Amino acid sequence: MLTQRKQNILILLLCSMLILSSSCKENKQRKSLSSQVTLKPIAIDRFEQAVFEIDQKNLSQAKSAMAKKYGSFYDIYFGRIMNFGDPKNPNFDFILKDFINHPDLKILYQDVKKTYPDTKKISEDLAPLFANYQALYPNDSIPKVATFISGFNNAIVTTPNYIGIGLDMFMGKNYQFYASVDFPAYITKRLSKEYITPAIAKALLNTKLPEANQTSTLLSEMIQEGKILYGIDLLLPEVEDSLKIGYTAEQLDWCKANEGNIYKLFIEDNLLFSAEQKKYAKYLEEAPFTAGLANNSAPRIGIWCGWQIVKNYMNNNPSISFDELWKEKDAQKILKLATYKPKNI
């Protein structure tokens with residue numbers, strides 16, 4: 001027989017184990033959502049092939065067949081992505097023929113075919129992403145996926161039923177046409193195959209994230225972007241952090257080495273709660289490096305710092321669900337509960 005004291009100790013131990021088990025379960029779910037959903041092959045439609053190889057001699061019939069096969073994406077591509085207008089308009093046929101017969105675009109299409117002779121790798125990468133997405137949003141249906149060419153206008157397009165991948169925006173940083181359209185090097189370094197899946201994850205999450213409070217501050221914008229990156233952590237746990245945020249390995253290392261200095265800069269310059277966008281925009285905007293800092297500094301350090309705050313918030317508060325994080329609009333509350341304090345500060 002156990003004494004009353006030993007019984008009480010045993011009860012306390014069991015309760016501690018249950019709490020620990022619950023916490024571990026929560027963290028495990030965050031890190032491995034796909035175990036809850038069966039991975040399914042992702043079918044990808046090559047819409048750019050349908051466009052560039054359309055039967056121009058029987059254009060009316062070919063358009064009808066394309067519209068029937070691709071449904072809403074047909075109208076979205078021509079009306080929204082390419083801005084060609086209503087496919088039923090008489091002028092539309094001339095615009096379409098000019099587009100697919102343009103010498104540069106014909107070269108671009110051939111280059112896309114060479115770079116992406118098939119979409120097997122993209123399909124394989126999307127399977128765990130969509131499985132994790134379904135675990136986060138079980139009531140959502142998985143969208144169809146189509147690839148397209150937009151003449152360097154769109155990388156990822158989301159609609160209620162489709163994810164569109166602009167393959168011409170993922171041709172590799174040294175692709176010949178990128179220089180001719182004046183894409184800067186700090187952008188073209190992300191126009192490669194390995195960035196497709198992170199870009200889709202970000203696009204999906206952007207459609208789900210509630211808007212922040214009306215008054216934007218550096219902190220509120222940091223937290224919004226940090227939520228997206230934390231969501232990408234859940235959707236793509238095996239993907240390198242540099243790909244998620246679009247850094248080089250050196251830029252990521254710079255942020256880690258200077259984490260305390262970054263946060264200290266925001267505090268000492270009274271930027272965290274500033275609503276003056278002109279003062280803090282450079283810490284969020286695309287650039288080769290952060291203006292005012294060394295040329296080897298990483299850009300968008302506010303976004304990176306926001307990511308670290310959100311990760312601390314979730315790690316230090318394991319009972320808070322992803323859905324609760326998503327709906328929490330009080331950036332200062334997240335900062336407080338994150339107890340974020342980088343080293344060397």
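Predicted, not measured: the structure shown is a model, and the values here were computed from it. Excluded from the calculations below are hydrogen atoms, water molecules and symmetry mates; all remaining heavy atoms, backbone and side chain alike, are included.
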Check: Leu293 main-chain N/O paired with Thr290 side-chain donor or acceptor under 3.5 Å: no
Asn101 side chain to Gln56 side chain, donor-acceptor N/O pair below 3.5 angstrom: yes
Axial cation check for Tyr137 ring with Lys208, 6.0 Å and 45° limits: yes
Residue pair Thr115 / Lys193: nearest heavy atoms and the distance that separates them: O-NZ, 3.2 Å
Side chains of Leu167 and Arg46 in contact at under 4.5 Å (non-hydrogen atoms): yes
Within 6.0 angstrom of Glu240 CD, more than 12 heavy atoms from elsewhere: no
Sub-4.5 Å side-chain heavy-atom contact between Leu284 and Leu218: yes
Tyr109 and Phe52 aromatic ring geometry - parallel, tilted or perpendicular at 30°/60° bounds: parallel
Donor on one side chain, acceptor on other, Gln308 and Tyr263, under 3.5 Å: no
Ser123 side chain vs Ile42 backbone, donor-acceptor pair below 3.5 Å: yes
Asp93 and Lys63: CA distance, side-chain angles, deciding distance, salt bridge (charged side-chain N to carboxylate O under 4.0 Å, His left out) verdict: CA-CA 9 Å; Asp93 290 0; Lys63 287 193 303 178; 2.6 Å; yes
Evaluation steps, side-chain hydrogen bond (donor to acceptor under 3.5 Å, both in side chains), between Gln176 and Asp111: CA-CA 10 Å; Gln176 59 174 335; Asp111 289 345; 3.1 Å; yes
Asn315 and Asn312: side chain donor to acceptor below 3.5 Å: no
No-hydrogen, no-angle side-chain donor-acceptor test under 3.5 Å, Tyr280 and Glu221: yes
No-hydrogen, no-angle side-chain donor-acceptor test under 3.5 Å, Asp241 and Trp307: no
Between Glu259 and Tyr340: side-chain donor-acceptor atoms closer than 3.5 Å: yes
Donor-acceptor contact below 3.5 Å, side chain Asn316 vs main chain Ala338: yes
Side-chain donor or acceptor of Asp168 paired with backbone N/O of Gly151 under 3.5 Å: yes
Any side-chain donor near an acceptor of the partner, Tyr70 and Asp45, under 3.5 Å: no
Presence of salt bridge, Glu286 and Arg190, under 4.0 angstrom: yes
Any side-chain heavy-atom pair of Met171 and Tyr116 under 4.5 Å: yes
Aromatic ring pairing Phe73/Phe148, orientation class (parallel under 30°, perpendicular over 60°, tilted between): tilted
Aromatic ring pairing Tyr178/Phe183, orientation class (parallel under 30°, perpendicular over 60°, tilted between): tilted
